[in-house]
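Here is how names work: the chains are called A, B, and so on, in the same order as the sequence lines, proteins then strands, and each is numbered from 1. These numbers come from a predicted model, not from an experiment. Below, all heavy atoms of this structure are taken into account, side chains as well, without hydrogens, waters or symmetry copies.
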Amino acid sequence: MMQAPKGTKDAIPENVYKWHYIERKAADVCRRFGFKEIRTPVFEHTELFQRGVGDTTDVVQKEMYTFNDKGGRSITLKPEGTSPAVRAYLENNLYAQPQPTKLYYITPCYRYEKPQAGRLREFHQFGVEAFGASDPTIDSEIISMVHTFFGELGVDNLTLNINSIGCPVCRNEYNKALREYFEGRKSELCGTCHDRLETNPLRILDCKSPICHGIAEGAPVILDYLCDECREHFEGLKANLENLGIEYKIDTHIVRGLDYYTKTVFEFVSNEIGAQGTVCGGGRYDGLVEELGGQKTSGIGFGLGLERLILVLENKDIPKDMKTDIYIASIGEQAKKYAQKLAFDLRQKGFSCEQDLLSRSVKAQMKYADKLGVRYSVVLGDSEIESGSAELKNMETGEKSEIKLDEIDEFLK
RNA sequence: GUGGGUAUAGCUCAGUUGGUUAGAGCGCCAGAUUGUGGCUCUGGAGGCCGUCGGUUCGAAUCCGACUAUCCACCCCA
């Protein structure tokens with residue numbers, strides 16, 4: 001049998017209500033926080049991600065869905081949402097509109113990875129980006145928005161971790177200090193960290209190997225190396241979060257794996273959904289717009305994995321989509337035709353209704369109506385059509401009431 | 001890319017030391033005196049036991065490879 005490609009998942013009718021719920025909530029929270037929706041293509045020129053995400057990152061080096069189109073262009077399915085948003089910001093001159101520009105999107109993303117709990121090859125991200133604001137007020141506004149979003153979904157078991165990874169200037173100083181520290185214990189590090197010592201010592205802090213982790217405990221802390229500007233920014237963010245009453249932890253080991261991050265980085269983590277516990281990750285990227293050809297412009301945003309969010313929501317009560325208003329059961333051909341017209345008219349008036357499509361017995365029709373979870377049902381036979389009235393049944397209470405067929409819509413309201 | 005687990009009905013799983021027509025619960029469909037759901041009862045449909053190969057008189061059961069899936073590393077949302 002054919003099956004969906006590895007790492008992809010269908011959203012089938014019995015589950016889509018979760019997606020609807022989350023998407024509605026995202027749109028509503030964005031409206032209140034002043035973020036406007038932007039939709040960008042699923043694919044972009046490969047170069048966008050090479051420059052935006054960074055040529056040396058794992059995402060670009062080994063996880064992208066890249067192919068040549070029939071015109072010989074190198075195309076890549078978007079592995080993340082930030083670079084496309086920046087590209088669109090520049091291409092559509094959004095910087096010429098009143099600043100800051102606050103955008104949000106819900107989009108599929110693609111990464112060629114080995115699937116596991118909370119990690120798919122096609123996954124969906126709710127993300128926001130804010131351009132043109134360098135003050136930490138926007139940092140805290142965005143974090144408070146995620147906080148609100150999770151709070152209103154009833155997710156209360158996440159930890160907010162924050163950190164600052166500085167600007168290129170102070171990070172450089174810090175890298176030097178780190179190299180010096182790890183150089184002394186080089187022989188003890190794991191294989192990958194051995195390499196990281198050369199390429200990106202920051203990432204050693206993130207290593208899950210107990211040995212490296214232990215060594216990292218004693219490593220110099222980035223916060224001690226921040227330049228004045230970066231330190232003030234981070235202090236400002238902390239003060240803002242306290243002002244808003246949002247709890248956070250400082251985790252000097254969070255290091256985002258995409259090259260563009262500067263200063264603020266943060267993540268919301270769950271310990272209930274397996275190893276891939278980061279439900280939301282984000283941070284500031286003050287160099288990215290310039291890197292992609294624009295003026296020097298501050299930026300900050302986050303990405304939030306919808307599949308992971310659904311995992312976190314596993315045992316929560318999620319409101320189902322609206323029930324069908326009425327099922328029209330019918331006996332015989334004449335009644336079926338009548339039901340057809342009645343259903344059509346009610347649908348024109350905005351009600352949802354269903355009729356028999358399989359010529360089943362009344363009993364079977366009622367069973368089906370029950371499984372659909374309809375609010376009301378009505379049975380039409382020759383006598384009902386003749387008299388123009390029938391018994392409307394409330395499927396929840398079982399209560400019946402005699403009504404005129406041309407007045408059904410009054411009862412459905 | 002590396003490691004480990006799993007693979008029997010639509011779903012969740014039984015299947016005794018290899019032995020003949022492979023089972024249960026749930027779900028689906030149909031009935032239980034002729035036109036009304038939920039509870040109960042009865043019946044029915046539905047499985048090349050993941051695929052290929054090997055051992056054996058005989059394999060769902062043992063062995064190997066492959067594939068799929070799950071979990072972890074890595075990476076990240």
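Of the C1' atoms belonging to B/rU6 and B/rU61, the separation is 16 Å, rounded to the nearest Å. Distance noted for atom C1' between B/rU8 and B/rC13: 9 Å (whole Å). Taking the C1' atoms as reference points, B/rC48 lies 23 Å from B/rG44, given to the whole Å. Going from the C1' atom of B/rU42 to that of B/rG53 covers 46 Å, rounded to whole Å. Between B/rA22 and B/rA59, the two C1' atoms lie 13 Å apart (nearest whole Å). When the C1' atom is compared between B/rG58 and B/rC62, the two are found 13 Å apart, to the nearest whole Å. The separation of B/rG25 from B/rG19, taken at their P atoms, amounts to 23 Å, rounded to a whole angstrom. Remark: the separation of the C1' atoms in B/rU69 and B/rC26 is 23 Å, to the nearest Å.
Ion pair A/Arg171/A/Glu173 not flagged as a salt bridge, since none of the NZ, NE, NH1 or NH2 atoms sits closer than 4.0 Å to an Asp/Glu carboxylate oxygen. Salt-bridge annotation for A/Asp28 and A/Arg24: absent, with no side-chain N of the basic residue lying under 4.0 Å from a carboxylate O of the acidic one. Ion pairing between A/Glu396 and A/Lys323 holds under the 4.0 Å rule for side-chain N and carboxylate O. Between A/Arg87 and A/Glu44, at least one side-chain nitrogen of the basic residue sits less than 4.0 Å from a carboxylate oxygen of the acidic one, meeting the salt-bridge criterion. Ion pair A/Asp286/A/Arg284 flagged as a salt bridge, since at least one NZ, NE, NH1 or NH2 atom sits closer than 4.0 Å to an Asp/Glu carboxylate oxygen. A salt bridge links A/Glu47 with A/Arg51: the closest approach of a Lys/Arg side-chain nitrogen to an acidic carboxylate oxygen falls below 4.0 angstrom. Checked for salt-bridge contact, A/Glu399 and A/Lys393 miss the test: no charged N lies under 4.0 Å from a carboxylate O. A/Asp345 and A/Lys341 are joined by a salt bridge, as a carboxylate oxygen and a charged side-chain nitrogen come within less than 4.0 angstrom of each other.
In RNA chain B, the stems built from three or more successive Watson-Crick or G-U pairs (distances below 3.5 Å) are B:1-7 with B:67-73, B:10-13 with B:23-26, B:28-32 with B:40-44, B:50-54 with B:62-66.
Note: A/Leu380 CG to A/Gln355 CD = 9.5 Å, rounded to the nearest 0.5 Å. Taking CG from A/Asp382 and CD from A/Gln334, the interatomic distance works out to 5.0 Å, rounded to the nearest 0.5 Å. Taking CD from A/Glu14 and NZ from A/Lys320, the interatomic distance works out to 10.0 Å, rounded to the nearest 0.5 Å.
Applying the side-chain contact (heavy atoms from CB on, under 4.5 Å) test to A/Glu141 and every residue at least two apart in sequence or in another chain returns A/Phe33, A/Phe35, A/Lys102, A/Ile138. Remark: A/Arg179 pairs with no residue by the side-chain hydrogen bond (donor to acceptor under 3.5 Å, both in side chains) rule, at least two apart or across chains. Take A/Lys25 and apply the side-chain hydrogen bond (donor to acceptor under 3.5 Å, both in side chains) test, not counting sequence neighbours, and it matches A/Glu152. Shown here are the ring-ring contact (aromatic ring centres under 6.0 Å, His included) partners of A/Tyr225, two or more places apart in sequence or in another chain: A/Tyr174. For A/Thr40, the side-chain hydrogen bond (donor to acceptor under 3.5 Å, both in side chains) criterion is met by A/Lys78, not counting sequence neighbours.
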Set out, in order, the CA-CA distance, both residues' side-chain angles and the distance that settles side-chain contact (heavy atoms from CB on, under 4.5 Å) for A/Lys186 and A/Leu197, then state yes or no. CA-CA 8 Å; A/Lys186 197 171 177 180; A/Leu197 192 49; 3.8 Å; yes

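If you measure from atom CD of A/Gln61 to atom C1' of B/rG1, you get 13 Å, rounded to the nearest angstrom. Atom CG in A/Leu202 sits about 11 Å away from atom P in B/rC76, given to the nearest Å. A straight line from CG of A/Asn15 to P of B/rG10 spans 19 Å, rounded to a whole angstrom. A straight line from CG of A/Asp10 to C1' of B/rU69 spans 15 Å, rounded to a whole angstrom. Protein atom CG of A/Asp58 is 15 Å distant from nucleotide atom C1' of B/rA77, rounded to whole Å. Separating the NZ atom of A/Lys6 from the C1' atom of B/rG1 is a distance of 12 Å, rounded to the nearest angstrom. The CG-P distance, from A/Leu358 to B/rC28, rounds to 14 Å in whole Å. Distance, A/Asp356 CG to B/rC29 P: 13 Å, rounded to whole Å.
Using a 4.0 Å heavy-atom cutoff across all strands shown, A/Glu63 reaches sugar-phosphate atoms only and no base atom. Within 4.0 Å (heavy atoms only), A/Gln276 reaches at least one base atom of the nucleic acid.
When only modelled atom types and interatomic distance are considered, A/Glu242 and A/Tyr248 share a side-chain donor-acceptor pair under 3.5 Å. A side-chain N or O of A/Tyr285 and one of A/Glu129 form a donor-acceptor pair less than 3.5 Å apart. When only modelled atom types and interatomic distance are considered, A/Ser352 and A/Thr324 share no side-chain donor-acceptor pair under 3.5 Å.
Two rings, from A/Tyr376 and A/Tyr327, have their centers 6.0 Å or more apart. A ring-centre distance under 6.0 Å is found for A/Tyr65 and A/Tyr112. The distance between the ring centers of A/Phe126 and A/Phe149 falls below 6.0 angstrom.
Less than 4.0 Å separates RNA chain B from at least one heavy atom of each of the following residues of residues 305-318 of chain A: A/Gly305, A/Arg308. Residues from residues 145-154 of chain A lying near RNA chain B, meaning a heavy-atom separation below 4.0 Å, are absent. Contacts between residues 280-292 of chain A and RNA chain B, defined by a heavy-atom separation below 4.0 Å, involve A/Cys280, A/Gly281, listed by number. Taken residue by residue, residues 101-123 of chain A places heavy atoms nearer than 4.0 Å to RNA chain B at A/Arg111, A/Glu113, A/Lys114, A/Gln116, A/Ala117, A/Gly118, A/Arg119, A/Leu120, A/Phe123. Of the residues in residues 29-37 of chain A, none lies under 4.0 Å from RNA chain B by heavy-atom distance.
The residue among A/Gly303 and A/Gly274 whose nearest nucleotide of RNA chain B lies closer to the 5′ end is A/Gly274. Of the two residues near RNA chain B, A/Gly7 and A/Val279, the one whose nearest nucleotide lies more 5' is A/Gly7.
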Mark up nucleotides 31-52 of chain B, 5' to 3', with B wherever a protein heavy atom is under 4.0 angstrom from a base atom, S wherever such an atom reaches only the sugar-phosphate, and - elsewhere. ----BBBB--------------

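In the set B/rC76, B/rU69, B/rC29, B/rC29 carries the atom at the smallest distance from any side-chain atom of A/Arg360.
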